[in-house]
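Step one of this worksheet: look at the structure below.
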Amino acid sequence: QVQLVESGGGLVQAGGSLSLSCAASGRTFRTFAMGWFRQAPGKEREFVAGISSSDGMTYYTDSVKGRFTISRDSVKNTVYLQMNSMQLEDTAVYYCAVYSGSGSYYRRSNYLYWGPGTQVTVSS
């Protein structure tokens, strides 16, 4: 079993930055690939970014490429999402999740464990 807790959400103005953290506990964190998803009101939960467990490969949805950066610290059992040049469309609840190791990083169904989420609101 793995427990995940996101933090760092809040209110930010358009064009600003915010950094999210996801602390993991339970089984060995360094063996897990991780992902960030988000869900806006009335919309499906969508993939934002992913990072592999071994070689640090990263993956992003097109709308955040060049603005968001995913990283991890295996000593601290934490994965991060640095969000820059934020847009109104980035407003959502952000979730971190543990990748199952099988299938596309981009599919929600390929993730095993989820955090409770943290609210991010971008204002104009």
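- With 3.5 Å as the limit, one finds a donor-acceptor pair spanning the side chains of Ser25 and Gln3.
- Under the 3.5 Å distance criterion, the side-chain polar atoms of Ser53 are left unmatched by any main-chain donor or acceptor of Phe32.
- Between the OH atom of Tyr60 and the OG1 atom of Thr69 there is a distance of 4.5 Å, given to the nearest 0.5 Å.
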*For Phe68 and Trp36, what are the C-alpha separation, side-chain angles and deciding distance, and is it a side chain to side chain contact (heavy atoms under 4.5 Å, CB included)?*
CA-CA 11 Å; Phe68 290 12; Trp36 284 97; over 6 Å; no
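- In this structure a side-chain-to-backbone donor-acceptor pair under 3.5 Å is missing from Ser109 to Arg107.
- Interatomic distance, CG of Leu4 versus CG of Asn77, reported as 10.5 Å (0.5 Å rounding).
- Residue Phe37 is tested with Tyr111, Tyr99, Tyr95 for a ring-ring contact (aromatic ring centres under 6.0 Å, His included); the sole match is Tyr111.
- The closest donor-acceptor contact from the side chain of Thr61 to the backbone of Val48 lies at 3.5 Å or more, if one exists at all.
- With hydrogens and angles disregarded, a donor-acceptor distance shorter than 3.5 Å links the side chain of Thr91 to the backbone of Val122.
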_Let's go through Val64 and Met83 carefully: what are the C-alpha distance in whole Å and the side-chain angles of both, what is the deciding distance for side chain to side chain contact (heavy atoms under 4.5 Å, CB included) to 0.1 Å, and is it a yes or a no?_
CA-CA 8 Å; Val64 309; Met83 304 184 290; over 6 Å; no
*For Ser104 and Asn110, run side chain to side chain contact (heavy atoms under 4.5 Å, CB included): C-alpha distance rounded to whole Å, both residues' side-chain angles, the deciding distance at 0.1 Å, then the answer.*
CA-CA 7 Å; Ser104 170; Asn110 294 329; 4.3 Å; yes
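- Within the 3.5 Å criterion, the main-chain N or O of Cys96 finds a donor-acceptor partner in the side chain of Glu6.
- Shown are Asp73, Ile51, Leu20; of these, the side chain to side chain contact (heavy atoms under 4.5 Å, CB included) with Val79 is made only by Ile51.
- Nearest heavy-atom pair, Leu81 versus Ala49, reported as atom, atom and distance to 0.1 Å: CD1-CB, 4.1 Å.
- Taking NZ of Lys65 as the reference point, atom OG1 of Thr58 lies at 9.5 Å (rounded to 0.5 Å).
- Considering only heavy atoms from C-beta on, Met86 comes within 4.5 Å of Leu18 through its side chain.
- Side-chain contact of Ser17 with Asn84: a donor-acceptor pair under 3.5 Å is present, judged by distance alone.
- To the nearest 0.5 Å, the span separating CG on Leu88 from OG on Ser124 amounts to 5.5 Å.
- Each salt bridge (Lys or Arg N to Asp or Glu O under 4.0 Å) pair with one or both residues in residues 39-51, not counting sequence neighbours, appears once here: Arg38-Glu46.
- In this structure, Arg108 has no side chain to side chain donor-acceptor pair (under 3.5 Å) partners at least two apart in sequence or on a different chain.
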